[in-house]
Every structure is written in C-alpha cells, then in structure tokens.
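Only one structure is covered here, and it is reproduced in the block below.
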There are 2 protein chains.
Amino acid sequence: MSRKRLTREESREQTRTRLMDAAVAVIVKKGLSGTSVEDIAGHAGYTRGAFYSNFKSKADLFIELLKRDHGHVQEDLQQLLDADLSNEALQMQLAQFYGQCYRDHNSYVLWAEARLHAVRDTKFRQRMNTLCLEKRDMIASFITLFDQRMGLQPSSTPPTDLALAMMALIDGMLYFNMSMPNEMSDEATGSVLSTIFTATFFGLQAKQTK
Amino acid sequence: MSRKRLTREESREQTRTRLMDAAVAVIVKKGLSGTSVEDIAGHAGYTRGAFYSNFKSKADLFIELLKRDHGHVQEDLQQLLDADLSNEALQMQLAQFYGQCYRDHNSYVLWAEARLHAVRDTKFRQRMNTLCLEKRDMIASFITLFDQRMGLQPSSTPPTDLALAMMALIDGMLYFNMSMPNEMSDEATGSVLSTIFTATFFGLQAKQTK
DNA sequence: GTATCTAAATACATAGTTGTATTTGAATTC
DNA sequence: GAATTCAAATACAACTATGTATTTAGATAC
C-alpha cells in the first residue's frame, strides 16, 4: 500500500484540515476558551508551530470552523430548494433535515459556543449574524415555498421571523434531546417539533396518534 | 450617615453575596472558563483568600449562582400559579412573564454557559437537569391549567414536552433578540412567540394585526 | 546535486492561574 | 482587656498559556 507522496501545497492543506478537525474535537470536549492552541495542535499530531503557520490565532481558526460548517448546511439546504420536489418529497426531506439536525452533536456545541462568544464580542457578533441571517433566509424561502404550494395565505408574521423561531426551537429541542434523552427521546423530539410546525403553518393542532 | 457595624456572620454573608454578584458580572463578560478566581475576587474588591474561604471552587460557586437564579424564577412562577387568577389576568401575567424573560441578559448568558458545561460534564448535567425539569414541570402546570380553564381537550403531545418546547423557543428567541435587535426587535419577538403559542395551544393561527 | 524555499519544530521570554499554607487583624468571648 | 477565633490577605510552588524568534529538514527549482 503505497502512501502517496504529497506536494508541498497538498501537505499544507492536509495539515490545515487536520488542525481544523482536531480543533472541533477538542473544542467540543473542553470548550473554546478551555482549549489551548497546544491542545489543538497536539491532538492533530503537530506542534504549535504548525498551528501558527496556518492560522492567525485561535479566534481566526474558530471563524473558519463556523464558516466551514455553515457552508455545508447551506449547500444542503440550497440543493433541497433547487431540486423542485413534489410536496410529498419536500415534506419528507424537511422532516429528514430536522431529523438529522438533532443528531449532530459537534455542530450543536460549536454553534452554542459561537452564540456565547457573539454575545460578548461585537465584531464577532456581526460576522456571526451574517451567517445566521443567511441560514434564516434559506429557511424563510422554504416557508414561502411551502405556503405557495399549500395555497395557504401567508401568516401575518413575516416568514423571516418564523424562520428564526424555527431555528430557535430546533436548537433548543436539540439540547434537551442531547442532555436528557430519557425525558426527551428522539421520537418525542420529532413529535413535538412536528406538532408545533403543523400548528404554526397550518393553523390546526395536529391530532397525531402515537 | 452611620455605616452599620456588621457582626461577623453578617459580614461573611455580605462577602459571599458580593462575590456571587461579581461572579455573575465577570462570567457574563468573559465566560465561565475565561474567568479566573482572581478576576471574581478582584471585581468584588477582595483577594482570592476571601473566595476560597467562601467557596470550594469556581465550579462550586457556579452551581450556587444557578441555584440562586433558578430559585427566583421558580418563586415567581409558583406565586403566579398559586394566585388563582382570572383567565384574563393569567394571560396578562404570562405575557408579562415571557416579556421580562427576554430582557434579562445576565440570566440568559449564565444558563447558556450552564448548558454548554452540562453537555461536557455528566455530574453537572444531572444537577442541571434537576433544575430544568423543575422549571419544566412548573410550566407544564400552567399549560394544564390553561387547557382546563379554556375547556380545550388537551393536546396529544404531553404538556411536559410542550413545556420544554416553549422553554427552548423562548430561549432561542431571546438570543436573537439580544444579538440582532434590528432584525428581531422586542415587539417582533413578542409577536412571534405569541403567534406560535396561540397556534400551538389553540390550534388556530393568530390573525393579529400589527 | 547544489541552492533555495518554506512548513513545521524548537527555544525562549513573559505572564497568568491554581490551591494550599501561613499570617494578620478585627470581632467575639470570658 | 487579654485570650481566642476566624474571615480574609499574603506568600509560595507548580503549572499552563501565549506569541515570537530562530532553527531544521524535506520539497522545489536550477
């Protein structure tokens, strides 16, 4: 099994990626501020030298992590939106989307850290808000599309506001699902979300049978 | 203006309280893990000696902070529940409750820190869950009471689950309201919450006019 | 193959943090 | 008012973190 010999650029890119992946793991485990640059480099199998050669600072790296994750989510959502699916397929896919949402532990923690940091740091908050609003607008597009498809007259509450509410709700439920799975099982989480979504968008309480 | 001479016990109590208040301020500003014991003591006008004489560790203090805040909220809610108010008064009070909810910056940050810490530390998570579930049950009582009062047949979703959802929603909206007040004003926040509450509990989309 | 470049390692200077052990001085007790 | 007690200050020793400055060794260019 021949290990491919890497070009300088490839090697650098590999280092960068490894550092970022290690950073996620360590930050999720010990917290952003509880994680030292040494921790990250060490966990990736490098020394601090490698870190500072690739990133300006821990803060700089953290932004990169968020952007990377955000990019993935946005791509996924955009694909769904572009796919021009049937109503049924769309509903299925959306269900799956928030289904997988509350399974990704690492992302949850990363963004929870980010929110806290945003509360404290104005500059960071602005960058963060840009990302959040991009996601919000994506979700708002879904709401609008859905309203059109279903022939519902749009709610008096703007879809952008509803989108933020859904983000808030999913996020918070994800936490409960993670921290007290006995009280809030995966099924219960899905069921609650679906109840509230349905009530909010169709205006009728879902009479779903367990 | 004679400054009252304090007994030893009073003085100790004062120190303790000052340390706790200082801790909230500093932790909100710099984060739990970014805050040193020295920071806290210093901000309260003492040295580390005073801190360690009053608390076992920073973790110990943090739990105290959460318990104190939790106690206040529970008291307020219990009073509301005991008051046996008319429907109108109850609705008013509840509106006021979540109205004031998203005005308390410090508490938000404290609990956000706590959630992150809970994800990482099993023992802490258990203590934290106890508090969360107490609050959940309190809110579930409100939901049940409300259903009875309004003569609604209770939702197929258990009130405890709905209670967690409402906590999740309020919390998340509070964040957006704090971090992007231009996108999510106080009024918009109230409006969205009220839309979703109404839809969820009455099963009808609120047609509220701005 | 020699010279050059640069990613990553290493060395260093500085500074902050923790918890305990000891001391101090003001409140209490007799 | 002398003795005692204890809240808080101070001193201490071990450890961890940061960022920069310098070195090293493997890729690239000639």
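In what follows, chains are A, B, ... by sequence order, proteins preceding strands, each numbered from 1.
- Along DNA chain D, the nucleotide closest to A:T35 and the one closest to B:S53 are compared, and the more 5′ of them pairs with B:S53.
- A salt bridge between A:D60 and A:K67 is absent, with no side-chain N of the basic residue lying under 4.0 Å from a carboxylate O of the acidic one.
- Looking at which nucleotide of DNA chain C each of A:R16 and B:V37 is closest to, the 5′-most match is held by A:R16.
- One can place CD of A:Q14 at 17 Å from C1' of C:dT6, the figure rounded to the nearest angstrom.
- In this structure, B:L32 atom CG and C:dT17 atom P are separated by 14 Å, rounded to whole Å.
- Distance A:K58 NZ to D:dT16 C1': 12 Å, rounded to the nearest Å.
- For the pair B:E9 and B:K56, nearest-nucleotide mapping onto DNA chain C gives the more 5' position to B:K56.
- We find that B:R115 and B:D171 are joined by a salt bridge, their nearest charged nitrogen and carboxylate oxygen being less than 4.0 Å apart.
- Under the 4.0 Å criterion applied to side-chain N and carboxylate O atoms, A:R68 and A:D21 are assigned as salt-bridge partners.
- For the 3.5 Å distance criterion, the side chains of A:S185 and A:E187 qualify, holding a donor opposite an acceptor.
- The pair B:R120-A:E113 counts as a salt bridge, with a side-chain nitrogen and a carboxylate oxygen less than 4.0 angstrom apart.
- Among the heavy atoms of the strands lying under 4.0 Å from A:T47 is at least one base atom, whether or not backbone atoms are also near.
- For B:F142 and B:F146, the ring centers are positioned 6.0 Å apart or more.
- The only option from B:I143, B:L164, B:L145 that meets the side chain to side chain contact (heavy atoms under 4.5 Å, CB included) definition with B:P159 turns out to be B:I143.
- Rounded to whole Å, the distance from CZ on B:R12 to P on C:dA26 is 19 Å.
- When heavy atoms are screened at a 4.0 angstrom cut-off, A:T15 is found touching the sugar-phosphate backbone but no base atom.
- Between B:L19 atom CG and D:dA7 atom P there is a gap of 13 Å when expressed in whole angstrom units.
- The B:N54 side chain lies nearest to D:dA8 when the options are C:dT18, C:dA8, D:dA8.
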Kindly give the atom pairs (protein nitrogen or oxygen, nucleotide nitrogen or oxygen) under 3.5 Å for nucleotides 20-23 of chain C.
none

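- Contacts of B:S11 with the nucleic acid, taken as non-hydrogen atoms under 4.0 Å apart, involve only primed sugar atoms and P, OP1 or OP2.
- Rounded to whole angstrom, the span from the CG atom of A:D60 across to the P atom of D:dG19 amounts to 11 Å.
- Rounded to a whole Å, the CZ atom of B:F55 is 15 Å from the P atom of C:dT18.
- In this structure, A:F51 atom CZ and D:dT18 atom P are separated by 9 Å, rounded to whole Å.
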